[in-house]
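First up is the structure itself, then whatever we jot down about it.
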Amino acid sequence: MTGINWRGVLAIYKFEMHRFARTLWTGLAVPVITTSLYFIVFGSAIGSRMSEVDGVPYGAFIVPGLMMLSLFTESIFNASFGIHMPRFTGTIYEILSAPLSAFETVLGYVGAAMTKSTTVALVILLTANLFVDVRIEHPLPMIAFLLLIAATFCLFGFIVGIWAKGFEQLQVIPLLIVTPMTFLGGAFYSIDMLAEPWRTVTLFNPVVYLINAFRWTFYGTSDVAVGVSFAITLAIFVICLAVVAWIFRTGYRLKS
Amino acid sequence: MDPIIRISGLTKTYESGLQALKAVDLEIGRGEIFALLGPNGAGKTTLISIVCGIVRPSGGTVTVDGHDIIAGYRATRSAIGLVPQELTTDAFETVWDTVSFSRGLFGKPREPAYIERLLKQLSLWDKRTTRIKELSGGMKRRVMIAKALSHQPTVLFLDEPSAGVDVELRRGMWEMVRELREQGVTIILTTHYIEEAEEMADRVGVISHGELILVEETASLMQKLGKRELTLKLVEPMASIPPELDEWALELRDEGNELLFTFDAKAERTGIASLIRRMTDLGIGFKDLATRQSSLEDIFVRLVHEGESA
């Protein structure tokens, strides 16, 4: 075998997507219902008392934040579960003994997790369109940011899946760290609405940059410079990539 | 011998400090069936796992068909199929899907005809659309064999293949292993069932405390170390062996009802005839006699105990 083992990558990808297909109903129904609830609570109950944020109706303003919230959690969950499950059941032996490079293994797992999380994010976008008018001013950068952020959080999920010693630990990072950071990172408000010193403190939350960059692709407005947002997103991606490379080089929790 | 696997100075020390392998040297010939015997924790699975790429070696080299397992991992892993000891399968996949998945992992193109033949050979064809969680333990073991063979490997590792399977299935697997060997597949198996090694293996390696203490052809090992035993059931029980019988180094067993004589069957004079003559002279009668060949199990136990006491 020379070059990349594409069939091996595809085997992992298809296996993971097959798992997604088995839980397709819950996998897609949950984000649709959750998004609808957000619009009922935030859009109708609270949004009716708020006029516009940065010139965007409140209901439409929260759409990129809602998409990001799901993208983060779905990316982490799917990627971490994907690699943790074979570690838990012992079937990881097959991956480790196959003629697959670290890159190919990651490509299979992260590629499948990305497909799943971006699908969920796009389902949320479609659902949101039923409630509010959503416009996308910069569609190509929107897709690029969506994929970059999905890739970053899937890599992060992959790391969590290898680090976790049990299913309980799989939940710790998304629930106790990522979700609070997303809520405090301007998913449902502009950070300009915060008083000092909280506005400045919020700028240390990297999620602020991801959400603002993504919101800029929709409405052309952002609380922070888009260039800075892109650089920070790229930096997080590179850090995750470096950690994954280290895991495969050292065999951390994969090979004794 | 044309070696397909060369292991040289292989060592493995786990993070816990446990030295699982101590400078193991071993060559396995192309197309042979090699049985690796050893007590629990001897290092058998570690050795297999290193060759397959699951465990990282601490030192030494391993080549498979001339390729180093680290520098040329794609070539070595492509050549190897592994049936691990534990029944580790994806519960929700069907038999067909999981075997096809394994073939894909190894970079092989789809070949439904081969998978069909394989499943039929392993009596799994009727279960091809069944989810693995619905299969019995023996069937799951066969699924794992099918997965290991899905990419048509030239080297097959079977780590305790008969663990937890019934006699019929065990016999069926032995038959399959012989057929694979006829197709040119090299087979390395670890087993606790010495009978399995004795029945199938061309050569046997005994590993104890991470050291390979013996590698020998099964037949010649049996010849060299295998002793025959003559058991004489006495008419009258004996309190002690008379000094006139000292030269036969007899053992008194079964509360004085049996005399045991160990002899070399290959020797020109076994000593049986002279023993019986002397017993007749002494008026010691026997009502029955039986001989048996010491098994590989006896040899294995003796070797491991010798290794431990050395």
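By convention in this document, chain letters (A, B, ...) are assigned in the order of the sequence lines, proteins followed by strands, and residues within each chain are numbered from 1.
Inspection of non-hydrogen atoms places Thr88(B), Thr89(B), Asp90(B), Phe92(B), Glu93(B) of residues 86-94 of chain B under 4.5 Å from chain A.
Leu105(B) and Ala11(A) make their closest contact through N-CB, 3.7 Å (heavy atoms, listed as atom of the first residue, atom of the second, distance). Closest heavy-atom contact between Leu100(A) and Arg77(B): O-NH1, 4.0 Å. Heavy atoms only, all atoms of each residue included: Phe248(A) and Arg56(B) are closest at O-NH1, 4.1 Å. Scanning all heavy atoms of the two residues, the minimum distance from Ala98(A) to Phe106(B) falls at CA-CZ, 3.8 Å. Of all heavy-atom pairs spanning Lys255(A) and Ile54(B), the tightest one is CG-O, 3.3 Å.
Between Glu94(A) and Pro84(B), every side-chain heavy-atom pair lies at or beyond the 4.5 Å cut-off.
Residue contact with chain B, scored on non-hydrogen atoms closer than 4.5 Å, is absent for Thr105(A). Heavy-atom distances place no part of Arg19(A) under 4.5 Å from chain B, backbone and side chain included.
Around NZ of Lys165(A), the count of heavy atoms belonging to other residues, nucleotides or ligands within 6.0 Å does not exceed 12. Under a cut-off of 6.0 angstrom, the local environment of CZ in Phe88(A) is sparse, with at most 12 non-hydrogen atoms contributed by other residues, nucleotides or ligands. The number of heavy-atom neighbours closer than 6.0 Å to NZ of Lys140(B), taken from other residues, nucleotides and ligands shown, is above 12. Residue-environment remark: CZ (Arg110(B)) stays at or below the threshold of 12 foreign heavy atoms within 6.0 Å.
Interatomic distance, Ser102(B) OG to Phe15(A) CZ, rounded to the nearest 0.5 Å: 9.5 Å. The structure places NZ of Lys147(B) at 5.5 Å from OH of Tyr93(A), a figure rounded to the nearest 0.5 Å.
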- Task: Using the side chain to side chain contact (heavy atoms under 4.5 Å, CB included) rule, take Tyr73(B) and Ser101(A) through it: C-alpha gap first, then chi angles, then the decisive distance, then the call.
- Result: CA-CA 9 Å; Tyr73(B) 74 94; Ser101(A) 67; 3.1 Å; yes

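In this structure, the side chain of Lys108(B) does not engage the main chain of Arg7(A) through any donor-acceptor pair within 3.5 Å.
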